[in-house]
Amino acid sequence: MMTNEEFLEVIKKSFATYLSVGTSRSTAKLKTLHGHIATDLENLLGKEFTIRSQGYGNDKEGSIDGRYYPKNVDITILKNGKPVAGYAVKFVMRNYSQNSNNYFENMLGETANIRANAIPYFQVFIIFEKVPYYSNGGEFKRYDVISEHNLDKYLALSKDDPSIFFHTPDKTLVVLIKLKEKALNYYFRNSIDYADYYRSVINDSDLMSYSDKIKDPFDDSVIYNNYEDFLKRTYHIIMGRLKN
């Protein structure tokens, strides 16, 4: 299983793919994240389970029948051909404030749909401390600076009991990343300028680190900046549900 530092390296590879592709809409940026998490899950769960994910195996997502509609899921765990758990992965790299409520509402909806059908569901949410905000033309407008206030929704979520609320993931991993800056409070001209700079420093050892700007305020449902703990705890949830 990846250590937390190895997971950070995979996040860096995902970011590098995003810079190369040039759009946040492409799923290519997430393939390496999905693939490495899927590999860890196979190693933890064993060969009696099948994992469906982009970046792994046949490079295709699996589908889980929810209570209301079937949903393609980033990482699907199957046993004897039947889905028994799912993981969703979100990595926000631009324009967070414009979409933050939509991200959260979509997460709640898809979680409720799947968990209401008695299938464990887990979420991974990754974001930089400072997220660039661009106009439609790609002009750099400002940074969305992530603070405890921005994470209030996840703080409230962490206090929910998943056994009572189907919209609450069985476990959520929140990862806040400090990204090296070109200069203190430096503003790029546009998205191309931003990508050019980060491509030039992508291999720097100090490019990324786990953020220490926010103390861990979360209750049990949300795990903060600890991939190793998250994966172990989700593994135990999956195995525990299958025994019941």
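None of these values were measured; they are calculated from a predicted model.
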Does any pair with a residue in residues 105-127 pass side-chain hydrogen bond (donor to acceptor under 3.5 Å, both in side chains), and if so which ones, sequence neighbours excluded?
-> E110-Y121, E110-Q123, T111-Q123, R115-D170
Indicate yes or no: at least one non-hydrogen side-chain atom of I126 is less than 4.5 angstrom from one of L33.
-> yes
Side-chain donor-acceptor contacts of residues 138-146 below 3.5 Å, not counting sequence neighbours, with atom names and distances?
{"residue": "R142", "atom": "NE", "partner": "D144", "partner atom": "OD1", "Å": "3.4"}
{"residue": "R142", "atom": "NH2", "partner": "S97", "partner atom": "OG", "Å": "2.9"}
{"residue": "D144", "atom": "OD1", "partner": "S97", "partner atom": "OG", "Å": "3.1"}
{"residue": "D144", "atom": "OD2", "partner": "Y96", "partner atom": "N", "Å": "3.0"}
{"residue": "D144", "atom": "OD2", "partner": "S97", "partner atom": "N", "Å": "2.8"}
{"residue": "D144", "atom": "OD2", "partner": "S97", "partner atom": "OG", "Å": "3.2"}

Distance in Å, I114 CD1 paired with F122 CZ, rounded so as to fall on 0.5 Å steps | 11.5 Å
Side chain to side chain, Y87 and L41, heavy atoms closer than 4.5 Å = yes
Who passes side chain to side chain contact (heavy atoms under 4.5 Å, CB included) against S211, sequence neighbours left out?
-> E129, L176, K213, Y224
By ring pair (Phe, Tyr, Trp, His ring centres under 6.0 Å) - contacts of F104 (at least two apart) = Y154
Quick one: side chains of residues 190-208, donor-acceptor pairs under 3.5 Å with protein atoms, not counting sequence neighbours, listed by atom name and distance.
{"residue": "N190", "atom": "OD1", "partner": "I192", "partner atom": "N", "Å": "3.1"}
{"residue": "N190", "atom": "OD1", "partner": "D193", "partner atom": "N", "Å": "2.8"}
{"residue": "D193", "atom": "OD2", "partner": "R189", "partner atom": "N", "Å": "3.0"}
{"residue": "D196", "atom": "OD1", "partner": "R199", "partner atom": "NH2", "Å": "2.5"}
{"residue": "Y198", "atom": "OH", "partner": "K180", "partner atom": "O", "Å": "2.6"}
{"residue": "R199", "atom": "NH1", "partner": "L19", "partner atom": "O", "Å": "2.7"}
{"residue": "S200", "atom": "OG", "partner": "Y197", "partner atom": "O", "Å": "2.5"}
{"residue": "D204", "atom": "OD2", "partner": "K180", "partner atom": "NZ", "Å": "2.6"}
{"residue": "D206", "atom": "OD1", "partner": "K180", "partner atom": "NZ", "Å": "3.3"}

Following the transitive rule for hydrophobic clusters with a side-chain heavy-atom cut-off under 4.5 Å over Ile, Leu, Val, Met, Phe, Trp and Tyr, establish whether F188 and I177 coincide in one cluster.
-> yes
Residues two or more places apart in sequence or in another chain: which of them pass side chain to side chain contact (heavy atoms under 4.5 Å, CB included) with E5?
-> T3, L8, Y210
Does a side-chain heavy-atom distance below 4.5 Å link K90 with V92?
-> yes
Side-chain polar contacts of residues 63-86 - donor-acceptor pairs under 3.5 angstrom, sequence neighbours left out - could you list them?
{"residue": "D74", "atom": "OD2", "partner": "V89", "partner atom": "N", "Å": "2.7"}
{"residue": "K79", "atom": "NZ", "partner": "E48", "partner atom": "OE1", "Å": "3.3"}

With sequence neighbours left out, the residues meeting salt bridge (charged side-chain N to carboxylate O under 4.0 Å, His left out) with D219 are K159
Main-chain N/O of S53 paired to E61 side chain as donor or acceptor, under 3.5 Å = no
Test Y18 against R94 for side chain to side chain contact (heavy atoms under 4.5 Å, CB included), laying out the working first.
-> CA-CA 11 Å; Y18 161 71; R94 60 182 290 167; 3.7 Å; yes
Is L45 reachable from L242 through a run of hydrophobic residues whose side-chain heavy atoms are each under 4.5 Å from the next?
-> yes
L231 side chain near M1 side chain, heavy-atom distance below 4.5 Å | yes
Is N226 reaching over with its side chain to a backbone N or O of D229, donor-acceptor style, under 3.5 angstrom?
-> yes
Roughly how far apart are S20 OG and K29 NZ, rounded to 0.5 Å?
-> 13.5 Å
Can you name the ring pair (Phe, Tyr, Trp, His ring centres under 6.0 Å) partners of F230, sequence neighbours left out?
-> none
Looking only at atom types and distance, does a side-chain atom of T17 sit under 3.5 Å from a main-chain N or O of K13, one as donor and one as acceptor?
-> yes
Salt bridge between K178 and D212, side-chain N to carboxylate O under 4.0 Å?
-> no
CA sep, side-chain torsions, deciding dist, call: E228, M2, side chain to side chain contact (heavy atoms under 4.5 Å, CB included) = CA-CA 7 Å; E228 296 174 61; M2 286 185 287; over 6 Å; no
Roughly how far, to the nearest 0.5 Å, is the OH atom of Y235 from the CG atom of D40?
-> 13.5 Å
Y227/V175 under side chain to side chain contact (heavy atoms under 4.5 Å, CB included): CA gap, chis, key distance, verdict = CA-CA 8 Å; Y227 169 80; V175 180; over 6 Å; no
Hey, could you give me each pair passing salt bridge (charged side-chain N to carboxylate O under 4.0 Å, His left out) that has a residue in residues 160-169? Not counting sequence neighbours.
-> none
Say whether L173 and I37 are linked into one hydrophobic cluster, either directly or through other cluster members, by side-chain heavy-atom distances under 4.5 angstrom.
-> yes
Please answer: with hydrophobic residues joined when any side-chain heavy atoms are less than 4.5 Å apart, are I237 and F166 in the same cluster?
-> no
How far does CG of D152 sit from CG of L157, to the nearest 0.5 angstrom?
-> 12.0 Å
What residue pairs, at least two apart or across chains, pass ring-ring contact (aromatic ring centres under 6.0 Å, His included) with a residue in residues 27-54?
-> none
Separation between CG (L179) and CD1 (I11), nearest 0.5 Å, reads 11.5 Å
Can you measure from NZ (K130) to OH (Y186) and round to the nearest 0.5 angstrom?
-> 12.5 Å
Might you work through the side chain to side chain contact (heavy atoms under 4.5 Å, CB included) test for V222 and K171, ending with a clear yes or no?
-> CA-CA 6 Å; V222 174; K171 280 288 181 288; over 6 Å; no
Write down the atom of N150, the atom of S147, and the distance for their closest heavy-atom approach.
-> OD1-N, 2.7 Å
For F165, which residues count as a ring pair (Phe, Tyr, Trp, His ring centres under 6.0 Å) partner, sequence neighbours excluded?
-> H167
Should V124 and I119 be regarded as members of a common hydrophobic cluster, given that ILVMFWY residues are connected when their side-chain heavy atoms come within less than 4.5 Å of each other, either directly or indirectly?
-> no
Can you tell if the side chain of F91 reaches within under 4.5 Å of the side chain of M93, non-hydrogen atoms only?
-> yes
